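Below is one structure, written out as structure tokens, with a few remarks after it.
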Amino acid sequence: MKKILVANRGEIAIRVMKTAKKMGIKTVAIYSQADRNAPHVKFASESVCVGEAPSNKSYLRGDKIIKIAKELEVDAIHPGYGFLSENANFAELCEQNNIIFIGPKSKSIQMMGDKLAAKDAVKNYNIPMVPGVDRAIVDPKEAVEIAHQIGFPILIKAAAGGGGKGMRIVEKAKDVEEQMKRAVSEANSAFGDGSVFLEKYITSPRHIEIQILADNFGNILHFFERECSVQRRHQKVLEEAPSSILTPKLRDEMGQAAIKVAKSCDYLGAGTVEFLLDENLNFYFLEMNTRLQVEHPVTEFITGVDLVEQQINIARNEKITLKQEDLKINGHALELRVYAEDPLNNFLPSVGKLTTYKIPVGTGIRVDDGFEEGMEIPIYYDPMLSKLITYGKTRDEAIQLMIEAIENYKIVGAMTTLPFGKFVCKHEAFRSGNFDTHFVKNYYTPEKLQKELEEVAELAALIALKIHLEEQKILKVPGV
Ligand code: ADP
Ligand code: ADP
Ligand code: MG
């Protein structure tokens, strides 16, 4: 493998290219007209404009991307996450054009991309599932009946859902019909597939997911868990590894379950099996993400394994040389997704020009980003600016380092979720490890953050005043 095209943008494009460069592999960047001067373009050995700014005219144009790959004699395509990463047709298009798709076979993507097909695939593997149905429901009357059997509250979910979208909680029978209609129409417009199904709504769950790697020689390993319970609207905002709640026994059980899920779909490469864990530490299979995940760096920190390097090796048809028994958890890592969103104003997107952009540096700090000072934040794509990752010997150390790193991350020109991240890290519920997926809903209000920010500002003003007075004192010393 001599040349890889990265079919993505921003931080993940750079993240993938860094490893490719390290391995002596040439890189090709694609970019939209809005990303002409983006850092991922400068970072690559070669770059090609793929189309206009909207992603359906550029980053989602599989046909154009394949054409570029062939013209530049690319050996493999890495899809990153989002965009075409979970598009089975694109993986197949690569296969047909003799370009290696760095990821699983299109068949596995197809199975796991549909939450119902995924449930069906793992059915015979003795994996605990969230109580619910394993087929699409169309008739609202039938939905009411099933909801009674499962017991309220229930969750209506889109089979093709992703990114936290297409889910509706229903508390009472009288609301089922109305919510079903909305869920179907939402699923149709967001995913082009209106299939919905029902699950029991687990009221106080934690989101625990297992990283796995599988090669072409029957080896499947798990790389422990990540906890992603701090969420907003079912989307992860702060992740960590390991989880503070798992015991070694539970970790092993969940790891084995994840390996079975990978087996059920004949998996290849890096993937993540997501579970919910209830208050009694029962775990339930949620879904499998058939790609590199946003929060993969926390696993890299605690295991010392470069997951992209493993992906590339597996795609080159190499054996995984690591052994499960050699893998150990070392220390603790946290990741904050830094979004250009205003936490004081309902997390509304806050685009603008980054007049100041200075990242924190130091031992145990990693910033994966795709921005630089002076850059305009494009309105067309996900508003994630970067991922701030910290690593310490203990959880407390990683949290403390995260707070310091947030304070040393200087961004002017857009509101970001940095202060929100600090709020989470300082919160007693988070620090004690006693929280669930409702952390943000239960504890966060803009008013609380505002108060904290004012206290900090007040303190800063006091310190400034003190320094000022002291300087005056020095100046006033008579006879000097
Ligand atoms: P992860 O599971 O890696 O934490 P997310 O669920 O946050 O990732 O999604 C990663 C990226 O992919 C985000 O930019 C998200 O918007 C996008 N994404 C994930 N699934 C879908 C989907 N089915 N449709 C559209 N975008 C998706
Ligand atoms: P997506 O494809 O959007 O990532 P998931 O099925 O992985 O969808 O669920 C995303 C999040 O939604 C979970 O992390 C969890 O917080 C919540 N969720 C999903 N299913 C349930 C459920 N049955 N009960 C409670 N919460 C759920
Ligand atoms: Mg998910």
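For ligands, and for the atoms within them, numbers begin at 1 and follow the listed sequence. Everything quoted here is computed from the prediction, not taken from an experiment.
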Item to check | Closest approach to the Mg ion (ligand 3) by E274, given as the N, O or S atom name | outcome: OE1

Checklist entry - Aromatic rings F439 and F430: how do their planes relate, parallel, tilted or perpendicular, breaks at 30° and 60°? => result perpendicular

Item to check | Close-contact set for ligand 2 against Y201 heavy atoms, below 4.0 Å | outcome: 24 (N), 25 (C), 26 (N)

Next on the checklist: I'd like to know if Q235 contacts ligand 2, where contact means a heavy-atom distance under 4.0 Å to any ligand atom.
Outcome noted: no

Checklist entry - Relative to atom 16 (O) of ligand 2, which among Q231, H438, H234 owns the nearest non-hydrogen atom? => result Q231

Next on the checklist: Which label fits H438 and Y201: parallel for a plane angle under 30°, tilted from 30 to 60°, or perpendicular past 60°?
Outcome noted: tilted

Checklist entry - What atoms in ligand 2 come closer than 4.0 Å to a heavy atom of L155? => result 19 (C), 20 (N), 21 (C), 22 (C), 23 (N), 27 (C)

Checklist entry - Does the side chain of R337 pick up a donor-acceptor pair with the side chain of S386 at under 3.5 Å? => result no

Item to check | Of all N/O/S atoms in E287, the name of the one nearest the Mg ion (ligand 3) | outcome: OE2

Item to check | Contact check: E274 vs ligand 2, nitrogen or oxygen atoms, below 3.5 angstrom | outcome: yes

Next on the checklist: Using a plain distance cutoff, I'd like to know if L286 has any nitrogen or oxygen under 3.5 Å from a nitrogen or oxygen of ligand 2.
Outcome noted: no

Checklist entry - Is T437 close to ligand 2, meaning an N/O of one under 3.5 Å from an N/O of the other? => result no

Checklist entry - Just which atoms of ligand 2 are under 4.0 Å from any heavy atom in H207? => result 13 (C), 14 (O)

Checklist entry - Is there a heavy atom of K200 sitting under 4.0 angstrom from any atom of ligand 2? => result yes

Checklist entry - Which ligand 2 atoms are under 4.0 Å away from a heavy-atom of V130? => result 23 (N)

Next on the checklist: Heavy-atom pairs closer than 4.0 Å: do any link ligand 2 to the side chain of N289, the backbone, both, or neither?
Outcome noted: neither

Item to check | Enumerated ligand 2 atoms positioned under 4.0 Å from heavy atoms of G162 | outcome: 1 (P), 2 (O), 3 (O)

Next on the checklist: Once you measure the plane-to-plane angle for F152 and H148, does it fall in the parallel (<30°), tilted (30-60°) or perpendicular (>60°) bin?
Outcome noted: perpendicular

Item to check | Which of the ligand 2 atoms, numbered from 1, are nearer than 4.0 Å to a heavy atom of G161 | outcome: 2 (O)

Checklist outcome for this item: Heavy-atom proximity to atom 3 (O) of ligand 2 ranks first, among G164, A118, C228, for G164

Checklist entry - Could D369 and K387 be called an ion pair, given the rule that one side-chain N must be under 4.0 Å from one carboxylate O? => result no

Next on the checklist: Any donor-acceptor pair under 3.5 Å linking the side-chain atoms of T394 with those of D396?
Outcome noted: no

Item to check | Test item: side-chain donor near acceptor, S243 and R226, under 3.5 Å | outcome: no

Item to check | F347/Y339 aromatic ring centres below 6.0 Å | outcome: no

Checklist entry - Would you say the side-chain atoms of Y59 and D35 include a donor-acceptor pair closer than 3.5 Å? => result yes

Checklist entry - Relative to ligand 2, is M167 under 4.0 angstrom through side chain, backbone, both or neither, heavy atoms considered? => result side chain

Checklist entry - Got a sec: does the CG of D326 have more than 12 other heavy atoms crowding it under 6.0 Å? => result yes

Next on the checklist: Regarding R366 and E300, does a basic nitrogen lie under 4.0 Å from an acidic carboxylate oxygen?
Outcome noted: yes

Checklist entry - When you measure from atom 25 (C) of ligand 2 to each heavy atom in I169, I202, D436, which option holds the nearest one? => result I202

Checklist outcome for this item: Per-atom filter on ligand 2: closer than 4.0 angstrom to a heavy atom of E287 are 1 (P), 2 (O), 4 (O), 5 (P), 7 (O), 8 (O)

Next on the checklist: So does S58 get a backbone contact from the side chain of K64, meaning a donor-acceptor N/O pair under 3.5 Å?
Outcome noted: no

